[in-house]
Amino acid sequence: MQIITDVVRNLPDVVNGDPAIVRWGREMHETFMLEIGDTQYLVTVRAGRIEKVERGPFVMRAWSFAIRAKRECWDEFFRSPPAPGWHDLFALLRRGDVKFEGDQRVLMAYLLYLKLALAALRR
Amino acid sequence: MIEPIVGRYVHIGEQRIYYEEAGAGIPLLCLHTAGSDGRQWRGVLNDAEILKSYRVVAFDMPWHGKSSPPKGWQGQDYRLTTESYTAMIMTFAKALGLERPVVLGCSIGGRIVLNLALKHARELRALIGLQCAAYVERYYDAAWLDHAEVHGGRACGGLAYGLMSPLSPDEHKWETVWHYMQGGPGVFTGDLHFYQVEGDIRERIGAIDTRVCPLYMLTGEYDYSASPRDTEAAAAKIPGAKVTIMQGLGHFPMSEHPEAFLGYLRPVLDEIRRR
C-alpha cells in the first residue's frame, strides 16, 4: 500500500522534470481523478506540468475524468518492466480492469500525455 | 547510403496506389496496419538476406500514406470491409503481376489473411498473419479518433504507442507513432470498422485448408489488441496453422523492433521457399 502511495506522489517530479512529456500536455488545464483501490488522488495539470497531487478522501470535489482500477492492477502496471497485458492504460481497459469515467473527450485528447506521465512512474 | 527500396505509383481503375519494392524472387506482399502505411515494412524491405530470394512489395492502401483517397472523399465516411479489402489486395497483386505471392499482413492485415486463406488459397503460395486474430471485441470507442475536438494525430499516436512493447527500442517505437500521427482524418477509425465491427471471421475459419496454402501466425507477446490468446483461439480452429509467440514484441513487430522481428520472419520465409 505504502509503495503505491509513494509512486503517485512522484508524479510532479517525474513529469515536470521531463520536457518530452510536458510538451504533450501543454494545452491541458484539468484536474482528474486517479483511483488506486480505495485511495483516491486528484491530479491537477497546468500547461502539462503537474501542479499538485492531493490524496482523498474528498468531499464534493469536481474532476474532468477519472481513471479507476484496483490496487493489484496498479501494482502490475507500475512494475518495471511491466508484464504483457499490464503495460498500458488500454491494456488494462481490454482486460476490463480499469474504468474511465467523466469527460472522455479530455481523456482522449491527452491520451498520449497521460500514458507517458503514468509510465514515467515506473522509473 | 542509398537503400535498395524503390517507390512507384500504379493506377488501378480510378485509384492511384503507391507502393515500394526491393529484392527479386518469390513475391512477398506486405500489408500495413490500420491507420498507418507501407513505411512500417522498411525493415523487411531493407533486409539483404530476404531480398536475395524474395521480391518484397508493400503498398499503401487507398486513403493511406502516399496513395490517393478516392475522388469525392470529402463527402463520405471511409469504411473498410472484408470484401473491399480482399478485392484491393488481389487486384493490386494482379496489377503488378505478382504470381502466387506470399501475403504477409499485420493486425487488420493479419485478419484479412484469414479471409484470403478461405477465398484465394490456390492463388497464394503461403500466408503469414502477424497479430492475427479472428475477432477483437470493441473495448474502446474508435469514434474519438475522428473528432473535431480531439487532435486525431495525437489520439491515434497515443493509441498506437501503448500497443507496443515496453522493451522495444524508443527510436523505432516513436517512428511507428509518427506514421500514426500522419493518417488522414477518420482513416484509422474507418479501418477499425473492419477490425472491430464488420470483419468478425470466427465462424468461418474452420474451413481454412492449410494443405492448399500454409498459414503462419506470429504474435507479439505484448499485444493486447490481437493478443497471443486471441491468436491461439483462432489457430485452435484451423488444423495445420503454425503459431509463434514473439517474445518481447508488441502489436507492430516489423516497425517497433525490426531486428527482433526479422529473427522470427527469416526462418518462416526459408521454410516457405524450400517447400
Side-chain angles (χ1 to χ4, degrees), chain A residues 14 18-30 32 45 48 64-65 67 69 73 76-123, chain B residues 131 133 135-168 170 173-174 176-178 180-181 188-189 192 196 219-231 245-252 256:
Chain A
V14 296
D18 190 344
I21 299 176
V22 171
R23 68 190 296 270
W24 293 107
R26 259 188 315 231
E27 300 78 21
M28 187 174 180
H29 305 276
E30 303 282 350
F32 68 92
V45 181
S64 60
F65 60 89
I67 301 172
C73 294
E76 292 293 336
F77 179 88
F78 288 127
R79 207 178 289 278
S80 182
W86 298 99
H87 57 292
D88 183 66
L89 272 186
F90 273 49
L92 301 183
L93 190 65
R94 171 106 202 257
R95 309 175 68 92
D97 281 339
V98 69
K99 284 200 178 75
F100 299 152
E101 292 172 11
D103 192 342
Q104 308 284 305
R105 186 197 67 79
V106 177
L107 190 150
M108 288 303 289
Y110 295 104
L111 185 64
L112 183 57
Y113 171 77
L114 292 166
K115 286 184 172 192
L116 295 175
L118 291 174
L121 290 172
R122 295 186 185 125
R123 290 173 192 163
Chain B
Q131 317 313 126
Y135 179 64
V136 174
E137 78 285 356
R138 274 173 99 233
Y139 60 98
Y140 64 92
D141 185 356
W144 286 116
L145 304 172
D146 178 28
H147 189 288
E149 295 176 9
V150 174
H151 188 292
R154 292 180 179 215
C156 294
L159 201 89
Y161 178 81
L163 284 164
M164 287 181 278
S165 165
L167 309 173
S168 288
D170 256 359
K173 281 168 72 170
W174 283 104
T176 302
V177 168
W178 183 249
Y180 268 84
M181 290 181 163
F188 190 13
T189 304
L192 290 172
Q196 295 182 333
T219 292
E221 65 168 345
Y222 272 96
D223 189 359
Y224 53 85
S225 174
S227 69
R229 201 175 58 181
D230 296 323
T231 299
I245 303 305
M246 299 183 284
Q247 303 302 309
L249 295 175
H251 189 73
F252 309 98
E256 70 176 72

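Chain identifiers are assigned alphabetically (A, B, ...) following the order of the sequence lines, protein sequences preceding nucleic acid strands; residue numbering begins at 1 within each chain.
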Quick one: does any side-chain atom of B/Arg154 pair with a main-chain N or O of A/Ala109 as donor and acceptor, under 3.5 Å?
no
Spatial distance of atom CG (A/Asp88) from atom NE2 (B/His251) [nearest 0.5 Å]
12.5 Å
With rounding to the nearest 0.5 Å, note down the distance linking OH in B/Tyr140 to CG in A/Leu111.
10.0 Å
Turns out that what part of A/Ala119 lies under 4.5 Å from chain B's heavy atoms comes down to neither
Look at A/Ala91, A/Gly96, A/Pro81 and state which one has the largest set of heavy-atom pairs under 4.5 Å with chain B.
A/Ala91
Checking heavy atoms, do the side chain of B/Leu159, its backbone, both or neither come under 4.5 Å from chain A?
both
Between chain B and each of A/Leu114, A/Val106, A/Leu93, count heavy-atom pairs under 4.5 Å; write down the option with the most.
A/Leu93
A/Leu116 versus chain B, heavy atoms under 4.5 Å apart: side chain, backbone, both or neither?
side chain
Is chain A contacted by the side chain of B/His147, its backbone, both, or neither, given a heavy-atom distance below 4.5 Å?
side chain
For atom CH2 of B/Trp174, decide whether the heavy atoms of other residues, nucleotides or ligands shown that lie under 6.0 angstrom number more than 12.
yes
Compare every heavy atom of B/Tyr224 with every heavy atom of A/Arg94, then report the nearest pair and how far apart it is.
NH1-O, 2.8 Å
I need the residue from A/Lys115, A/Arg105, A/Met108 with the largest number of non-hydrogen atom pairs under 4.5 Å to chain B.
A/Arg105
Among the options B/Pro166, B/Ala155, B/Ser165, B/Gly157, pick out the one with the most heavy-atom pairs lying under 4.5 Å from chain A.
B/Pro166
So, the part of A/Trp24 with a heavy atom under 4.5 Å from chain B: the answer is both
